[in-house]
Protein chains: 2
Amino acid sequence: MQTLPEKPAWLRRVSILGVGLLGGSVGMALRRRGIHVVGYSRRESSCRAAIEAGAVDEGFTEIATACRGSDVVVVASPVDKIVELAVAADHVLDDDALITDVGSTKAQIVAEIAAQSPSLARKFVAAHPIAGSEKTGVENATATLLEGKLVIMTPADQTPAAAVDRAAAFWLQTGGEILSMSPEQHDQRLAAVSHVPHLVSSLLASLVDDACLPLVGSGWRDMTRVAAGDPTMWTAICVHNREAILNQLDHFSEALGSLRALLAGGDTAALKSWLDEAKARKEATE
Amino acid sequence: MQTLPEKPAWLRRVSILGVGLLGGSVGMALRRRGIHVVGYSRRESSCRAAIEAGAVDEGFTEIATACRGSDVVVVASPVDKIVELAVAADHVLDDDALITDVGSTKAQIVAEIAAQSPSLARKFVAAHPIAGSEKTGVENATATLLEGKLVIMTPADQTPAAAVDRAAAFWLQTGGEILSMSPEQHDQRLAAVSHVPHLVSSLLASLVDDACLPLVGSGWRDMTRVAAGDPTMWTAICVHNREAILNQLDHFSEALGSLRALLAGGDTAALKSWLDEAKARKEATE
């Protein structure tokens with residue numbers, strides 16, 4: 001277990017709205033630090049599963065009950081439900097409470113929060129932990145999921161500095177490392193490293209017909225692993241981040257056209273050096 | 001360890017030309033069956049490494065010495081060297097010896113072998129074990145690499161049935177399972193499940209700039225794993241299988257265009273059902 005900064009004195013009680021893979025893992029990490037964690041789920045059975053998994057200390061099917069008296073509320077729902085849950089949480093929180101999220105898209109959420117109410121906008125610091133899996137559900141959550149992972153924070157221009165500081169201190173307690181950028185930068189970059197790769201993964205899976213199916217090897221299996229991810233969650237991400245994804249799909253498509261021309265042209269040395277550069281780029285992330 | 005068919009009485013000595021990841025793994029699997037394995041490599045140091053790794057019983061830097069007296073020669077070189085090595089092996093082999101290979105492309109190799117000499121064409125049965133890794137070299141070889149993996153055999157129309165039978169019996173001894181198809185079917189299907197996915201992996205790696213680099217998560221890492229593969233080997237594959245790859249790149253590109261239109265059109269239900277289908281396709285391979 002890594003060494004974390006001392007737990008802030010103000011951080012005693014955290015509510016997690018949506019205790020799935022990511023929300024559950026945040027809960028487990030916080031409970032290890034002695035923080036009281038409360039879960040919210042629409043279904044009683046999900047609350048029980050979260051308690052049994054050790055992700056939360058208690059669980060409620062009412063947002064108000066789950067959030068009242070908490071120092072931090074983490075909205076860990078699909079991206080298209082985040083604003084609605086944040087609004088509901090805001091109604092029962094103290095003024096100096098923090099609301100944060102784990103959504104994979106940021107610009108639309110940050111804009112909608114700002115348009116909702118000044119009270120909510122003062123409390124909300126958008127975040128996105130770069131941690132996950134094609135697996136879903138609290139049964140796959142682990143206390144170490146965020147350890148050493150980047151948590152991207154995308155505060156709005158008008159977010160109070162005190163809220164940003166609290167959010168950073170909060171996320172450090174999960175084992176994450178903080179990196180800040182604008183919501184737009186986040187969305188364009190995530191389109192490049194996550195959303196478009198996800199769609200390409202699904203595309204590769206969809207192009208394999210019955211004759212090809214038995215021939216798939218470990219390369220194809222790796223490349224299509226994320227295509228097994230939750231379609232509902234990914235539809236919401238695609239809709240939320242549509243402009244950045246379309247933009248990145250166009251970059252990808254253009255690069256694909258150049259690659260095709262390179263291959264068709266028969267310049268073997270140029271093809272080899274293109275493969276060399278891609279390999280070097282890959283290895284720069286190791 | 002799986003139960004294999006009894007070792008054929010005629011199978012006593014096998015030469016492996018090119019003792020890397022795949023050749024080395026074949027050697028290890030055969031040695032476990034009590035078959036004497038001889039390696040060929042241009043470099044003395046590679047011969048020593050193959051012996052030290054347990055992939056071969058002895059190693060030679062001369063093809064003739066390595067092949068003389070063998071019942072089977074496995075050409076495990078990059079695809080652009082296979083024919084040349086098979087020709088050299090043919091010169092010193094008995095008439096009823098078998099030559100096979102592990103190349104990732106088949107049509108060009110089978111055509112060139114047929115054009116070389118009747119003696120070689122009678123001995124040669126093209127094969128492609130669907131097993132590998134982005135790792136290379138005999139130091140990553142394992143005796144179990146081929147266990148339960150498909151070995152695709154692509155005999156030519158004129159290949160003698162006895163040679164095809166011997167090739168099947170030989171590959172079963174490595175732990176592989178046999179599937180036969182035409183060289184052209186192999187190449188088009190492999191373009192779909194391996195060669196184009198490889199190029200797409202390299203493309204995804206090449207599109208990540210310095211700002212995006214820290215944001216990559218497990219999805220991107222999986223999708224770009226094969227981009228770390230050997231560029232020389234992949235250049236040879238792309239050149240050999242150029243027509244099928246171009247054809248498959250065009251399919252991919254067309255499907256990418258449809259996906260872009262789907263996303264731009266804003267039909268959320270259609271996007272969700274496309275993602276559902278891709279997920280089902282992926283899961284059909286589990």
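Each chain gets a letter, A, B and so on, in the order the sequences are listed, and its residues count up from 1.
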Determine whether [X] and [Y] make a side-chain contact, defined as any pair of heavy atoms from C-beta on separated by less than 4.5 Å.
X      : Y      : answer
A:W274 : B:T235 : no
B:L275 : A:L199 : yes
A:L256 : B:F252 : yes

Against chain B, label [X] side chain, backbone, both or neither, depending on which of its atoms sit under 4.5 Å from a heavy atom there.
X      : answer
A:L150 : side chain
A:D80  : neither
A:I152 : side chain
A:S194 : neither

Region of [X] in contact with chain A, defined by heavy-atom distances below 4.5 Å:
X      : answer
B:E283 : side chain
B:L259 : side chain
B:L203 : both
B:D267 : neither
B:T224 : both

Most chain B-contacting option - heavy-atom pairs closer than 4.5 Å, from [options]:
options                        : result
A:A192, A:C238, A:A211         : A:A211
A:D230, A:L249, A:D276, A:L246 : A:L246
A:V239, A:V196, A:V208         : A:V208
A:A236, A:A284, A:A269, A:A255 : A:A255
A:L179, A:L263, A:L204, A:V200 : A:L263

message = Among residues at least two apart in sequence or on other chains, which ones pass side-chain hydrogen bond (donor to acceptor under 3.5 Å, both in side chains) with B:E112?
response =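 B:E112: side-chain hydrogen bond (donor to acceptor under 3.5 Å, both in side chains) contacts with B:Q108.
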key: Results of side-chain hydrogen bond (donor to acceptor under 3.5 Å, both in side chains) for A:T105 - residues two or more places apart only   =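 A:T105 satisfies side-chain hydrogen bond (donor to acceptor under 3.5 Å, both in side chains) with A:H240 only.
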Can you tell me how far the [atom1] atom of [X] sits from the [atom2] atom of [Y], to the nearest 0.5 Å?
X      : Y      : atom1 : atom2 : result
B:E254 : A:L207 : CD    : CG    : 10.0 Å
A:T232 : B:K272 : OG1   : NZ    : 4.0 Å
A:R281 : B:S206 : CZ    : OG    : 9.0 Å

Residues in residues 213-222 of chain B near chain A [non-hydrogen atoms, under 4.5 Å] = B:L213, B:P214, B:L215, B:V216, B:G217, B:S218, B:G219, B:W220, B:R221, B:D222
ask   = Are the side chain of B:K282 and the backbone of A:A227 linked by a donor-acceptor contact shorter than 3.5 Å?
value = no
key: Minimal non-hydrogen separation, A:A228 against B:K279, with atom names   = O-NZ, 2.7 Å
request  = Decide if atom NZ of A:K81 counts as having more than 12 heavy atoms of other residues, nucleotides or ligands within a radius under 6.0 Å.
outcome  = no
key: Pair B:R260 + A:D250, salt bridge at N-O below 4.0 Å   = yes
ask   = Any idea which of B:G229, B:P231, B:A280, B:A205 has the most non-hydrogen atom pairs under 4.5 angstrom with chain A?
value = B:P231
inquiry  = Going by side-chain contact (heavy atoms from CB on, under 4.5 Å), name the residues that satisfy it together with A:V226, two or more places apart in sequence or in a different chain.
reply    =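 If we apply the side-chain contact (heavy atoms from CB on, under 4.5 Å) test to A:V226, skipping adjacent residues, the hits are A:H198, A:S201, B:M223.
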